[in-house]
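What follows is a set of notes on a single structure, which appears directly below.
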Amino acid sequence: MRLQAVLSRIDPDEVVTLTRDLVRIPSVVRPGDPGATEAAVAAHVERWMRAEGFDVTVQDVAPGRPNVLASVGDTAAGPTLLLEGHTDVVTEGDSAAWSHAPFSADLVDGRIYGRGTADMKSGLAAAMVAAAAIKRSGVPLGGRLLVGALVDEEGDMLGVKHLCATPLGRQITAAIICEPEQNELCLEQRGVVWARVTVHGRMAHGAMPDAGVNPISALATLLREAPAIQRRLRAICTRSRHLQAPTVTPTVIQAPVQGVPQSNVIPANAQATLDVRLTPGPDAAAVAKEIDVACRRAMDLCPGTTIEWQPINGFRLATRVDRGEPLVRAMVRGVRQATGKAARFGGVPGSTDGTILRMELGIPIVTCGPGNRLIPHQVDEYVEVAEVLDAARIYVASALNFLKP
Ligand SMILES: [Zn+2]
C-alpha cells in the first residue's frame with residue numbers, strides 16, 4: 001500500500017535527532033548582532049535536504065537571513081503543497097531560570113526541552129522527515145511538495161512576505177503551517193493589528209499647564225475608549241468555538257515620543273500601542289473605522305489635541321478556511337490514517353506566517369503541528385516526542401492524499 005510504504009520509512013530516531021540538532025543551533029535574532037540570525041540553522045536545513053536529493057532554493061531575504069525551500073515532484077502533475085516552518089526562535093530570557101539549558105535539547109522522559117522545541121523546530125523537523133520519507137519511497141506525486149524553512153516569523157514576517165513575492169511563492173496552491181497546535185487541525189487563526197496611536201499637544205512648563213495642551217491626558221482619554229473599541233469589534237466579528245473573542249489591549253505607552261522625559265515638562269506628544277486581536281469577519285477598513293471613531297471621540301473631549309494612528313506591520317486579519325476545502329479533507333483523512341484517531345479541530349490564538357500566505361496568495365491554509373499550544377515563548381519550553389512522530393505521519397498521509405496522482 002502506497003501510504004504504509006512511505007510511513008515505514010519514517011525513522012523515529014531520525015526525527016528526534018533532527019529536532020535536537022536544530023534546537024542546539026541557537027537562532028534567536030538579536031538586531032545589531034550580525035552573528036545572531038537564522039543563518040546557521042538555515043544552512044543545516046539546506047545541507048540536510050540536499051543530502052536527501054531534494055531540489056533546494058535559497059532566497060536571501062536580508063543579510064544572513066535566508067529562506068530555504070526544498071521540493072519534490074512536479075508542478076505539471078498537479079498542485080503545489082507547502083509544509084511551512086520558521087527557523088527563528090524567540091529569546092530564551094534568563095537562562096538561569098531554565099531547569100534544562102535552553103539550547104541543550106535535553107531528552108527526558110519522552111520530552112525534548114529547549115527554546116524552539118515546540119515553536120517550532122520539532123514541527124520543521126517533522127515536515128523535513130515526512131518529505132524525505134516520501135522522496136525515499138519513490139511514490140509518484142500528483143503535484144509538488146515543498147518544505148519551506150522561513151526566517152523572521154517572530155519578527156516582521158519578512159521571510160513569508162518575501163516568498164509570496166517570488167515566482168516560486170506564487171505557485172503554492174495550499175499550505176500546512178507546522179506550528180505547535182497539539183496536532184489539531186486549525187482552520188481559523190485570530191488576526192492582529194498593532195495600532196500605534198500618537199497624540200499631539202503643546203509643550204509647556206509643568207507648573208503652568210494652562211500654557212500648553214497636555215497630550216498625556218488626551219492619551220488617557222483614548223485608552224479609556226479601549227473597552228468600547230473591543231465591544232464594537234466583538235459586534236462586527238464572527239463568534240468562533242475555537243477562538244477567543246476580539247480583545248483590545250494597551251501594551252506600550254511613551255511620552256514624549258522622542259527625547260528626554262522630564263518631571264516638570266508637559267511633552268509635545270505621547271504615544272501608545274493597542275494590541276488588537278480579531279476573529280474572522282470584518283475587512284481592514286471596517287476594523288480601522290472602529291479605531292478612528294475612538295480617536296475622534298478622544299479628540300472631541302480634549303480640545304487642542306490631534307490624535308492619529310497607524311498600523312505597525314499592516315493589518316493581519318483573522319483567517320478561516322472552509323471544511324470542504326480539498327486540503328482540509330485530505331488532512332481529516334490523513335489524521336485518521338496516521339494516528340488511528342479522528343481529527344480534532346482547534347484555533348490559533350495569534351497570527352502566523354499562514355496569515356500572510358492566506359492574505360497575499362488567497363490559498364487555503366491549515367495550521368497543525370506538534371507541541372502544546374500554550375508552551376511557546378515560555379521558560380522550560382518542551383515538546384513530546386510522541387507528538388512529533390504523529391505530526392510527521394500526519395504530514396505524510398495528508399500530502400499523499402492531497403497530491404494523489
Ligand atoms: Zn512559531
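Heavy atoms only: backbone and side chains are in, while hydrogens, waters and symmetry mates are out. Position 1 is the first residue of the sequence, and the numbers go up from there. Quick caveat: nothing in here was measured; it's all calculated off a predicted structure. Indexing begins at 1, ligand by ligand and atom by atom, following the structure's order.
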Any side-chain heavy atom of Glu153 within less than 4.5 Å of one from Ser351?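 Sidechains of Ser351 and Glu153: no contact.
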With Thr352, which of Arg358, Glu179, Arg316, Gln189 fulfils side-chain hydrogen bond (donor to acceptor under 3.5 Å, both in side chains)?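 So the option named by the test is Gln189.
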Kindly confirm whether the Zn ion (ligand 1) is within less than 2.8 Å of some N/O/S atom in Glu154?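 Short answer: no, not a single N, O or S atom is under the cut-off.
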With a cut-off of 2.8 Å, does Glu153 put an N/O/S atom close enough to the Zn ion (ligand 1)? no
Atom name of the N, O or S atom in Glu179 that lies nearest to the Zn ion (ligand 1):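 The atom in question is OE1.
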Return the name of the atom in Asp119, of element N, O or S, nearest to the Zn ion (ligand 1).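 So the atom name we want here is OD1.
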Look at the rings of Tyr113 and Tyr382 and say which category their plane angle falls in: under 30° parallel, 30 to 60° tilted, over 60° perpendicular.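 Rings of Tyr113 and Tyr382: tilted, 30 to 60°.
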Going by atom types alone, do Gln171 and Thr80 pair a side-chain donor with an acceptor below 3.5 Å?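 Absent: no donor and acceptor within the cut-off.
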